[in-house]
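Note that ligands are numbered from 1 as they come in the structure, with each ligand's atoms numbered from 1 the same way. Heads up: numbering here begins at 1 and tracks the sequence. Treat the numbers as computed from the prediction; the structure is a model and nothing was measured.
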Amino acid sequence: MKIAIYPGSFDPVTNGHLDILKTASGIFDKVIIAVAHNSEKLGFLPVETRVKLIKESVKDIDNIEVDSFEGLTINYAHKKGATVLIRGLRAVSDFEYEMQLSQANSALDSDVKTVFLTTKPKYNFISSSTIKEIFINKGDISKFVPEAVFEYLTKVYKK
Ligand code: ADP
């Protein structure tokens with residue numbers, strides 16, 4: 001059974017992330033989308049909320065598990081029996097950072113391979129930080145995020 005981990009901040013999860021996830025779920029037997037706890041980066045949404053919103057967004061896809069983890073992604077991959085890490089590429093600007101990250105992970109364990117996927121062009125410009133910026137400035141984000149994220153943010157920030 002080929003298990004892949006899709007690690008990231010997902011703060012919040014976007015349609016770009018979901019597109020990558022759906023592609024991965026068609027390639028691998030099981031895909032675990034895992035929210036990384038980052039002690040150095042104070043998030044927009046709490047990790048538990050990010051996990052909950054992803055769960056609501058992928059509830060119809062059988063071979064996807066949603067989780068969170070602390071520490072090295074490689075260690076988490078070992079714990080889960082995964083041999084593949086999924087990362088998304090949007091533009092050349094993502095490439096350098098992603099390349100470094102994959103090489104660092106490969107230096108830690110060369111049996112765990114990073115697979116890069118791209119989204120449909122219509123999702124390509126979407127990032128969590130762009131979504132936050134648009135939302136905070138009262139723009140319409142409904143086309144860029146799953147319904148669960150849109151409803152949650154609209155409800156919470158109305159208060
Ligand atoms: P991180 O903080 O680990 O970069 P993100 O949640 O920002 O976490 O992104 C997780 C992964 O998804 C990264 O590999 C990122 O490049 C990729 N990604 C994010 N948005 C998109 C998108 N619109 N299209 C393709 N890949 C994306």
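Residue nearest to atom 24 (N) of ligand 1, selected from Asp11, Thr119, Thr130: Thr119 (by heavy-atom distance). The nearest non-hydrogen atom to atom 8 (O) of ligand 1, considering only Gly43, Ser9, Pro7, comes from Ser9. Relative to atom 9 (O) of ligand 1, the option among Lys122, Arg90, His17 with the closest non-hydrogen atom is His17.
Polar contact with ligand 1: present for Ile126 (N/O pair, distance under 3.5 Å). Of the polar atoms of Phe10, at least one N or O is found under 3.5 Å from an N or O of ligand 1, judged by distance alone. Any N or O atom pair closer than 3.5 Å counts here, and Tyr123 shares at least one such pair with ligand 1. Residue contacts with ligand 1: Ile20 is placed with no nitrogen or oxygen under 3.5 Å of a nitrogen or oxygen of the ligand (distance criterion only).
Less than 4.0 angstrom separates some heavy atom of Arg87 from each of these atoms of ligand 1: 1 (P), 3 (O), 4 (O), 10 (C), 11 (C), 13 (C), 14 (O).
Summarising the geometry, atom OH belonging to Tyr6 is positioned 16.0 Å from atom CG belonging to Asp67; distances are rounded to the nearest 0.5 Å.
Residues Val35 and Ser9 come closest through the heavy atom pair CG1-O, 3.6 Å.
The closest protein non-hydrogen atom to atom 26 (N) of ligand 1 is Gly88 CA, 3.4 Å.
Centroid-to-centroid, the aromatic rings of Phe10 and His17 come within less than 6.0 Å.
For the residue pair Thr83 and Lys2, a side-chain donor N or O sits within less than 3.5 Å of a side-chain acceptor on the partner.
With Lys138 contributing its side chain and Phe135 its backbone, the two residues share no donor-acceptor pair below 3.5 Å.
Under the 4.0 angstrom criterion for non-hydrogen atoms, Tyr6 is in contact with ligand 1.
Below 30°, between 30° and 60°, or above 60°: for Phe144 and Phe125 the angle between ring planes is above 60°, a perpendicular geometry.
The salt bridge (Lys or Arg N to Asp or Glu O under 4.0 Å) pairs that include a residue from residues 118-127 are Asp19-Lys120, where partners are two or more places apart or lie in different chains.
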